[in-house]
Amino acid sequence: MAAQIPKAFQRLMVSSLTPKFRNAISVETVSMVTPGPKEVVVKNRFVGINASDVNFSAGRYDPTKVPPFQIGFEGLGVVTAAGAESRFKVGQPIAYLHDGAFSEYKVLPSRFAIPIPSLKAEYIPLMVSGLTAAISFDEVGDLKKGETVLITAAAGGTGQFAVQLAKKAGCHVIGTCSTEAKMEFLKSIGCDRPINYKKEDLNEVLKTEYPKGVDVVYESVGAQMFDTCVNRLAVKGRLIVIGFITGYKSDTGYTPIRGGATLPPKLLAKSASVRGFFLFHYSNLWVEYLQRLVSLYHAGDLVSEVDRGEGSGTGVFNKGLQSIPDAVEYLYTGQSKGKIIVEFPERNSKL
C-alpha cells in the first residue's frame, strides 16, 4: 500500500572524503524505490545534526567506504509506503537511526523504525543525543546516587540530557559552557554548578571547589578539556569519552593529548578509568531507552531543547537539504544551544 509520492527525490551524498562538510557533499536525484516486504519508505520532516557528521564525511567511521555514499544519522517523518510484512502503516509517524538520513525520502528496514506519537521536532534530540547520554551512564558510567558528575559541552545536544539524567539519578552536576545564555539554560535544567570556561578557569574551579575530584565525567570536547578532566578525576573515577569535537575538522580527526604518555600512571594512582562509548554498538537498547525518554518528556520531566538556527546568521534551518551544510557549520561555531535540527518543508526541496 502506498500514498501519493513522487517518482524521484533528492539526497545528500558524500562525493569526496574531507572533514570540510560543504566540500564533501553533493546532491543526487534518485528514482523512488518500492519498499521490500520488510521495508518502509519515510518522508523526512526533521533530521538531526551531529558533530560526527564531519567524521562521516571524512570517511573516518568506516575506512572501507568509498564515495559516493549516503550521510546523516537520524530522522523523523511519516511512512509513505510500507512492505507487506512491515508492522507500520502509511501515514504513521516514525523515528529512525540509520545511515542516509540527509534525504527527502528514506527507504529503510522496518526494524530500524521506531513508532512515535506525532511529528514533533523535540523527539529528534531524544535519539542520538538522548540515547547516548542515557545508555552510556548505565552501561559504562556506573552512575550512582550521590556522586559528582561533570558534563562538558553541557548545553549542547547531548549535554543537555546528560545534565538532566545525572540530576535525576541523585547526583551533583557540574556543566561547562561558553556563554552567559548557556549558563542560564543550564541552571534552568538543574545544573548545580555551571562553569563558563571562557570566564573561569575550569581546572582551578574543580581543584578549589571539588578537592576530592569528580566521580564521573561525560566528555565530548577532547584536547585540553580531556586533560583537565583526567587530572580532576576522583579515586575510582570514570571518564566516559563520547567524542572529541575539537579535532573533528582537522586533517587527522583528533587533537593529540598532551598528557597522553602520563595517562597510565594517572589512572593507576586513582584506580580510575577512561571508557569509550559509541552509540551504534548498543543498538539492542535503542527502542527500550527511547521509549523511556519519550515518556519522561511527555510527563514534563525532561527538557528537549532544539536549536532551529535562529541565531545562526544564515536563517532558520527550514529548507531541507539546502539548510544542512549551514547547520553543520553552525554547530562548529559553538553558538548553538540544545540540539540543532533541520526541517524539511511540506513540499519537496528543489536545489
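L331 is listed as a side-chain neighbour of I245, based on a closest heavy-atom distance under 4.5 Å. Taking 4.5 Å as the limit, some side-chain heavy atom of N203 sits within range of a side-chain heavy atom of R232. Contact check for F277 versus L279: side-chain heavy atoms found under the 4.5 Å cut-off. Annotation: side chain of F137 is in contact with side chain of V149 (closest heavy-atom distance under 4.5 Å). Between F21 and I324 the shortest side-chain heavy-atom distance falls below 4.5 Å. Using a 4.5 Å cut-off on side-chain heavy atoms (C-beta onward), T246 and M225 make no contact. Residues Y105 and P6 form a side-chain contact, since some pair of their non-hydrogen atoms from C-beta on lies under 4.5 Å apart. Residues V221 and Y197 fail the side-chain proximity criterion, which asks for heavy atoms closer than 4.5 Å.
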Show your working on salt bridge (Lys or Arg N to Asp or Glu O under 4.0 Å) between R45 and E343 and close with a plain yes or no.
CA-CA 6 Å; R45 190 75 175 87; E343 180 179 356; 2.9 Å; yes
Please report the C-alpha distance between Y282 and T132 in whole Å, then the side-chain angles of each, then the deciding distance to 0.1 Å, and finally whether the side-chain contact (heavy atoms from CB on, under 4.5 Å) criterion is met.
CA-CA 9 Å; Y282 295 85; T132 295; over 6 Å; no
Give the C-alpha distance, both sets of side-chain angles, the deciding distance and a yes or no for side-chain contact (heavy atoms from CB on, under 4.5 Å) between R238 and L233.
CA-CA 7 Å; R238 291 88 68 198; L233 279 173; 6.0 Å; no
Apply side-chain contact (heavy atoms from CB on, under 4.5 Å) to S57 and I71, showing your working.
CA-CA 7 Å; S57 72; I71 188 169; 4.0 Å; yes
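Counting only distance, with no hydrogens or angles, the side chain of S15 and the backbone of A24 share a donor-acceptor pair below 3.5 Å. Between the Q70 side chain and the D99 main chain, no donor and acceptor come within less than 3.5 Å of each other. Checked by atom type and distance alone, the side chain of K43 pairs as donor or acceptor with a backbone atom of E346 at under 3.5 Å. Formation of a donor-acceptor pair under 3.5 Å by the S304 side chain with backbone atoms of E122 is found in this model. Judged by distance alone, with hydrogens and angles left aside, the side-chain atoms of E310 form a donor-acceptor pair with the main-chain N or O of R308 at under 3.5 Å. Checked by atom type and distance alone, the side chain of K270 pairs as donor or acceptor with a backbone atom of N231 at under 3.5 Å.
A search for side chain to side chain contact (heavy atoms under 4.5 Å, CB included) contacts involving T208 returns E204, not counting sequence neighbours. Taking the ring pair (Phe, Tyr, Trp, His ring centres under 6.0 Å) definition, one finds that Y330 meets it with F317, sequence neighbours left out. Among residues two or more places apart in sequence or in another chain, the side-chain hydrogen bond (donor to acceptor under 3.5 Å, both in side chains) test is passed with S103 by none. For F278, the ring pair (Phe, Tyr, Trp, His ring centres under 6.0 Å) partners are Y61, F280, H281, not counting sequence neighbours.
At a threshold of 4.0 Å, the pair K236-D142 does not count as salt-bridged, since none of the basic side-chain nitrogens sits closer than that to a carboxylate oxygen.
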Atom pairs and distances, donor-acceptor, side-chain atoms in residues 30-42, under 3.5 Å, two or more places apart:
unit_1 : atom_1 : unit_2 : atom_2 : d
E39    : OE1    : G36    : N      : 2.8

Indicate every side-chain donor-acceptor pair of residues 150-165 with a distance under 3.5 Å to a residue at least two apart or in another chain.
unit_1 : atom_1 : unit_2 : atom_2 : d
T152   : OG1    : Y218   : O      : 3.3
T152   : OG1    : E219   : OE2    : 2.8
T152   : OG1    : S220   : N      : 3.1
T158   : OG1    : S129   : O      : 2.8
T158   : OG1    : Y218   : OH     : 2.6
Q160   : OE1    : E305   : N      : 2.8
Q160   : NE2    : G157   : O      : 3.2
Q160   : NE2    : E305   : O      : 3.2
Q164   : OE1    : V303   : N      : 2.6
Q164   : NE2    : Q160   : O      : 3.0
Q164   : NE2    : V303   : O      : 2.9

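With hydrophobic clusters built from ILVMFWY side chains whose heavy atoms lie under 4.5 angstrom apart, V107 does not share a cluster with M13. There is a path of hydrophobic side-chain contacts, each under 4.5 Å, that joins V27 to V47. Each of V316 and L119 belongs to its own hydrophobic cluster when Ile, Leu, Val, Met, Phe, Trp and Tyr are linked at side-chain heavy-atom distances under 4.5 angstrom. I124 and V306 fall within the same hydrophobic cluster, defined by Ile, Leu, Val, Met, Phe, Trp and Tyr side-chain heavy atoms under 4.5 Å apart, directly or through other members. No continuous path of ILVMFWY side-chain contacts below 4.5 Å connects M183 to F185, so the two sit in separate hydrophobic clusters.
The structure places CG of L126 at 8.0 Å from CG of L131, a figure rounded to the nearest 0.5 Å. The CG atom of D138 sits 3.5 Å away from atom OH of Y289, with the distance rounded to the nearest 0.5 Å. Here CG of N318 is found 11.5 Å from CZ of F344. Values are rounded to the nearest 0.5 Å. One distance of note links CG of D215 with CG of L239; it measures 12.0 Å at 0.5 Å rounding. To the nearest 0.5 Å, the span separating OG1 on T179 from NZ on K337 amounts to 8.0 Å. For the atom pair CG (L293) and CG (D301), the distance works out to 12.0 Å, reported to the nearest 0.5 Å.
Put simply, the residue from V294, L290, L76 that forms a side-chain contact (heavy atoms from CB on, under 4.5 Å) with I114 is L290.
Residues A166 and V173 come closest through the heavy atom pair CB-CG2, 3.7 Å. Taking all atoms of both residues into account, the shortest heavy-atom contact from V342 to S323 is CG1-CB, 4.0 Å. The heavy-atom pair separating K339 from G48 by the smallest distance is CE-CA, 4.1 Å. The two residues Y96 and I94 have their closest heavy-atom pair at CD2-CD1, 3.8 Å. Taking each heavy atom of G75 and N44 in turn, the nearest pair found is CA-OD1, 4.2 Å. Pairing each heavy atom of H98 with each of P109, the nearest pair is NE2-CD, 3.9 Å.
Aromatic ring centres of F56 and F73 lie closer together than 6.0 Å.
Residues E74 and N50 bring a donor and an acceptor atom of their side chains to less than 3.5 Å of each other. Under 3.5 Å, the side chains of S312 and T314 contain a donor-acceptor pair of N or O atoms.
Under the 30°/60° scheme for interplanar angles, the aromatic rings of H172 and Y210 are found to be tilted. Classified by interplanar angle (parallel below 30°, tilted 30° to 60°, perpendicular above 60°), the ring pair Y123/Y297 is perpendicular.
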